[in-house]
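One structure is given below, encoded as structure tokens.
Chain naming here is simple, since letters A, B, ... match the order of the sequence lines and numbering starts at 1 in each. Side-chain atoms are counted along with the backbone in the values below, which use heavy atoms only and exclude waters and symmetry mates.
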Amino acid sequence: MIGNRMNTTEELGEAGVIRIRWIPKYTAMERLFHWGHTVTFLALAATGMILFFPFLRPLAQGEGGQLVRLMHRAAAIPYGALPLIYVILEPRRAVLSLRSVFKVSRDDFEWIKGAMPYYLFGRHEAMAPQDRFNTGEKLNAVVIILGSVAFAITGLVMWFGKGIVPIGLYQAMVVMHDVSMVVTVSIFIVHFYLAVVHPMMWAGLVSMRFGVTSAAYAQEHHASWYYGPERAKEIYEARKAALAAEEEYPTD
Amino acid sequence: MSRVAMLIDESRCMGCRGCQVACKQWNDLPGEETTQRGSYENPPDLSPTTWTRVRFIEVVQGDSLQWLFLTHGCFHCGQPACVHVCPTGALKRDLTEGIITVEPDLCNGCGYCSQFCPFGIPRLDTDVLSGEGKAYKCNFCQDRVANGLLPACVKTCPSGAFDFGDREAMLAKGRARVEKLNQQGFPNANLYGEHELGGLGRLYVLKERPSLYGLPENPEYPVLANLWQDVLQPLGTLAFGAAALGVLGFYFLARRSVNMEDVE
């Protein structure tokens, strides 16, 4: 293979056992926050959709419907509180993550160009170097963060503003709440697919469960994070050049 | 039976509030404790237990004070936004008579009806924190009407301000009355509700412009109700379907083309 593969720290040990160097990726707080937010998001989506989709109407009616609405409110409190609690507990890390999530560079566009062949056909000869979060993860995070802010604002108005705010505003809040739902649930379906279902994508789930990632995976998929941006760029350029050369003069 | 309507001739109303009391009696609604607000109008607003109410509008003309009365309540629109946005089907429009009712067993208290009604009619007794409760409004005494009786308010009115029956007949009566009022020195007299929102089931003969009675001159169907129910809902279904199907297709594509031995 080409590029940095020879630098991998996965090596055969004395007994022929593959040794993997695990490096920390997510703190315990980050993971607790992620899964807490996931559980409450799913609870909110399930109870919210009962009022959104006409075919779920039987579940929305009468006493059952009141319970559904109560559950939606009960889940909304931790959903809104968890990000705030996390930011209080790990403020520096939260700022760092937010900054990297909202940072857009040329690498993001190149990564998106390479994403289709990669995720569909497993071709990843030369993917633009990525930071701790790749472009796809960043896109998911941005949509969920903005969606959650919209949920919080519109949801609070819907909860406490009935009869207080003008009805035109209330109507707009209801519609925006549902727009946020459609957008975030759509991105969730994609996020779930890539994190859990996709045959190649097991590393992300392992990281979010145990907080670590293998050094080899980090070198390959999060080069900017592992090597730093300059070294990552060098490796990326070298690999692209090697690929071009191989195309011109195939070795086998 | 064809579509019904209630014709209320406000020029004949004397503000006795018999309709209010009859409504409470027939629908078994308790009275409300209220305080003196400096007006004969009482209670101050429609509520979960007050489905119809006489508004006392005080108009000062020169030195004299004039009272305008308006018996307020559900308008039973021909094109009801409340029914469109109700997620439970508790709000229904009877297709022959055009009466709009709330089925309390189905209502979950979400209150969308109250927020999308162009007249702000449905009232909720929901708890703010838990959201538990239900929506209430005038139902034209559908139980009475179905049995050939007049709504309680109509039956009780001593001044002959109320009329109830076939909508076309009510419109004809209303137009004739407006014409008479015009001749009697009320040039602004008008019939309210003939065309608004698919034609209202509650028609008013008014002596003055509707705005003077606190009625919207041109009540509008909330555009957002259509955007929400007719665009966003199908779009949402489509988006989730497309995302789920696309992901499934991608899964099989990836399964076939990815060499799993390469996967670290």
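Interface remark: Val179(A) contributes backbone and side-chain atoms alike to the contact with chain B (heavy atom separation under 4.5 Å). For chain A, the nearby parts of Leu129(B) are the backbone and the side chain; heavy atoms of each come within less than 4.5 Å. Proximity to chain B (any heavy atom under 4.5 Å) is shown, for Arg57(A), by both the backbone and the side chain. If you measure heavy-atom distances from Cys117(B) to chain A, the contacts under 4.5 Å come from the backbone alone. In this structure, chain B has no heavy atom under 4.5 Å from any part of Ala74(A). Met158(A) touches chain B through its side chain: at least one heavy atom from C-beta onward sits under 4.5 Å away, while N, CA, C and O do not.
Ion pair Arg209(B)/Glu217(B) flagged as a salt bridge, since at least one NZ, NE, NH1 or NH2 atom sits closer than 4.0 Å to an Asp/Glu carboxylate oxygen. In this structure, Arg69(A) does not pair ionically with Glu132(B), as no charged nitrogen and carboxylate oxygen lie closer than 4.0 Å.
Ranked by heavy-atom pairs under 4.5 Å with chain A, the first of Val128(B), Val247(B), Leu235(B) is Val247(B). With chain A as the partner, the residue from Pro222(B), Gly236(B), Gly133(B), Cys110(B) showing the most heavy-atom pairs under 4.5 Å is Cys110(B). Considering only heavy-atom pairs separated by less than 4.5 Å from chain B, the leading option among Pro54(A), Ala60(A), Pro58(A) is Ala60(A). Considering only heavy-atom pairs separated by less than 4.5 Å from chain B, the leading option among Ala203(A), Gly163(A), Gly64(A), Ser186(A) is Ser186(A). Ranking Gly131(B), Ala90(B), Ala239(B) against chain A, the residue ahead of the rest is Gly131(B), based on heavy-atom pairs under 4.5 Å.
Using a 3.5 Å distance cut-off with no hydrogens or angles, the side chains of Thr50(B) and Lys24(B) do pair a donor with an acceptor. There is no side-chain donor-acceptor pair under 3.5 Å between Asp45(B) and Ser47(B). In the model, Gln79(B) has no side-chain atom that pairs as donor or acceptor with a side-chain atom of Tyr221(B) under 3.5 Å.
For His198(A) and Tyr251(B), the ring centers sit 6.0 Å or farther from each other. For an aromatic pair to be called close, the ring centres must be under 6.0 Å apart, and Tyr112(B) with Trp228(B) satisfies this. If you look at Tyr217(A) and His221(A), their ring centroids are closer than 6.0 Å.
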